[in-house]
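Here's the structure we're looking at; comments come further down.
Every number for a ligand or one of its atoms is a count from 1 in the order of the listing. Values below: every heavy atom of this structure, side chains too, minus hydrogens, waters and symmetry copies. As the structure is a prediction and not an experimental result, all values here were calculated from the model.
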Amino acid sequence: MTAVLGTRAQSPVRTQPIATADDVVRARQLARTLAVECRLSLVEQTKLVTAASELARNTLVYGGGGRMDGDVVERERSGVRGVRLAFTDEGPGIADVELALRDGWSSGTGMGLGLSGARRLMDHFDLCTAIGEGTTVTVIKWTH
Ligand SMILES: Nc1ncnc2c1ncn2[C@@H]1O[C@H](COP(=O)(O)OP(=O)(O)O)[C@@H](O)[C@H]1O
Ligand SMILES: [Mg+2]
């Protein structure tokens with residue numbers, strides 16, 4: 001799982017393969033489980049699950065499948081806990097990241113609000129991609 005500066009893992013990493021639409025639902029459920037374990041508020045849980053749903057769908061649709069890894073992390077020194085989710089695929093990658101992150105831009109027939117929405121909803125958002133190699137999106141939602 002992609003390391004995030006200044007954070008420490010607090011739980012074992014749980015992995016959900018993403019190969020079918022049902023797996024997207026399972027990824028959502030795992031995100032919810034981690035959010036509850038981390039004691040995110042209901043509002044924050046919903047934000048995390050919404051972002052997870054969008055990112056898992058992108059992994060399936062554009063990445064050709066992949067996986068979601070999730071765990072609970074702690075911010076060093078503050079002791080604040082959060083949920084970290086990483087979506088990884090070995091698909092075509094994203095040629096123009098700035099464009100992909102733009103509100104309303106889709107290379108397909110989507111609404112183009114998945115990446116931009118996930119970035120807005122999360123406290124930490126990191127997109128790592130290489131043409132022909134794949135994409136990893138890592139997000140964190142802190143409890144406060
Ligand atoms: N994992 C991915 N691999 C390759 N391209 C991606 C991936 N995720 C997103 N993209 C690209 O970024 C665009 C914007 O994604 P998103 O904001 O979720 O909108 P939408 O899914 O509605 O197209 C997608 O249309 C696609 O071209
Ligand atoms: Mg999308």
Side-chain angles (χ1 to χ4, degrees), residues 1-75 80-144:
M1 176 117 78
T2 317
V4 177
L5 206 65
T7 70
R8 273 184 307 173
Q10 286 283 292
S11 75
V13 175
R14 268 175 273 175
T15 298
Q16 173 62 53
I18 300 172
T20 67
D22 282 350
D23 289 338
V24 173
V25 175
R26 292 187 190 101
R28 257 180 100 94
Q29 285 163 349
L30 176 53
R32 174 77 65 185
T33 300
L34 287 164
V36 170
E37 278 181 24
C38 187
R39 305 214 184 134
L40 290 185
S41 71
L42 268 174
V43 169
E44 304 304 289
Q45 280 180 40
T46 303
K47 289 180 181 176
L48 185 82
V49 171
T50 302
S53 188
E54 291 296 329
L55 296 173
R57 188 155 298 285
N58 284 351
T59 298
L60 178 66
V61 172
Y62 300 110
R67 65 177 203 275
M68 183 187 88
D69 297 301
D71 66 357
V72 174
V73 293
E74 193 177 87
R75 197 155 51 193
V80 171
R81 281 153 52 95
V83 176
R84 168 174 57 176
L85 301 175
F87 300 81
T88 305
D89 65 64
E90 294 179 359
I94 301 175
D96 189 336
V97 172
E98 205 186 313
L99 190 60
L101 282 166
R102 198 175 293 168
D103 260 352
W105 189 84
S106 172
S107 64
T109 54
M111 299 269 285
L113 293 170
L115 283 178
S116 56
R119 179 155 75 161
R120 264 194 302 275
L121 290 170
M122 295 296 98
D123 299 316
H124 171 90
F125 179 98
D126 177 65
L127 197 163
C128 186
T129 188
I131 298 298
E133 288 177 30
T135 300
T136 298
V137 180
T138 305
V139 297
I140 298 179
K141 187 81 216 167
W142 298 111
T143 45
H144 49 271

Report task. Kindly determine whether Met122 and Lys47 satisfy side chain to side chain contact (heavy atoms under 4.5 Å, CB included), including the steps that lead there. Result -> CA-CA 7 Å; Met122 295 296 98; Lys47 289 180 181 176; 4.3 Å; yes

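- Residue-ligand proximity, Thr135 to ligand 1, at heavy-atom distances under 4.0 Å covers atoms 1 (N), 3 (N).
- Although no hydrogens or angles enter the test, the distance criterion places no donor-acceptor pair under 3.5 Å between the side chain of Asn58 and the main chain of Leu55.
- Ranking the protein heavy atoms by distance from atom 12 (O) of ligand 1 puts Ala100 CB, 3.5 Å first.
- The protein non-hydrogen atom at the shortest distance from atom 25 (O) of ligand 1 is Ser107 N, 2.8 Å.
- Ligand 1 places these atoms under 4.0 Å from at least one heavy atom of Asn58: 1 (N), 8 (N), 9 (C), 15 (O), 16 (P), 18 (O), 21 (O).
- Atom 5 (N) of ligand 1 has Ile94 CG1, 3.3 Å as its closest protein atom, hydrogens excluded (heavy atom only).
- With a 6.0 Å cutoff to the six-membered ring centre and a 45° limit on the axis angle, Arg75 counts as a cation-pi contact of Trp142.
- In summary, Arg84 and Glu74 do not engage in a salt bridge, as defined by a charged side-chain N under 4.0 Å from a carboxylate O.
- Between Glu54 and ligand 1 there is no heavy-atom distance shorter than 4.0 Å.
- In terms of modelled atom types and a separation under 3.5 Å, the side chain of Thr129 and the main chain of Ile94 share a donor-acceptor contact.
- Which parts of ligand 1 touch Gly112 is read off a 4.0 Å heavy-atom cut-off, strictly below it: atoms 17 (O), 19 (O), 20 (P), 22 (O).
- In this structure, Gly93 counts as a contact residue of ligand 1, since one of its heavy atoms falls inside 4.0 Å of the ligand.
- Here the protein heavy atom with the shortest distance to atom 17 (O) of ligand 1 is Leu115 N, 2.9 Å.
- Counting backbone and side-chain atoms alike, Asn58 contributes an N/O/S atom closer than 2.8 Å to the Mg ion (ligand 2).
- Counting atoms of ligand 1 from 1 in the listed order, those under 4.0 Å from a heavy atom of Gly114 are 16 (P), 17 (O), 18 (O).
- Of the protein's heavy atoms, Tyr62 CB, 3.7 Å lies nearest to atom 2 (C) of ligand 1.
- Here is the list of ligand 1 atoms found below 4.0 Å of a heavy atom in Gly110: 22 (O).
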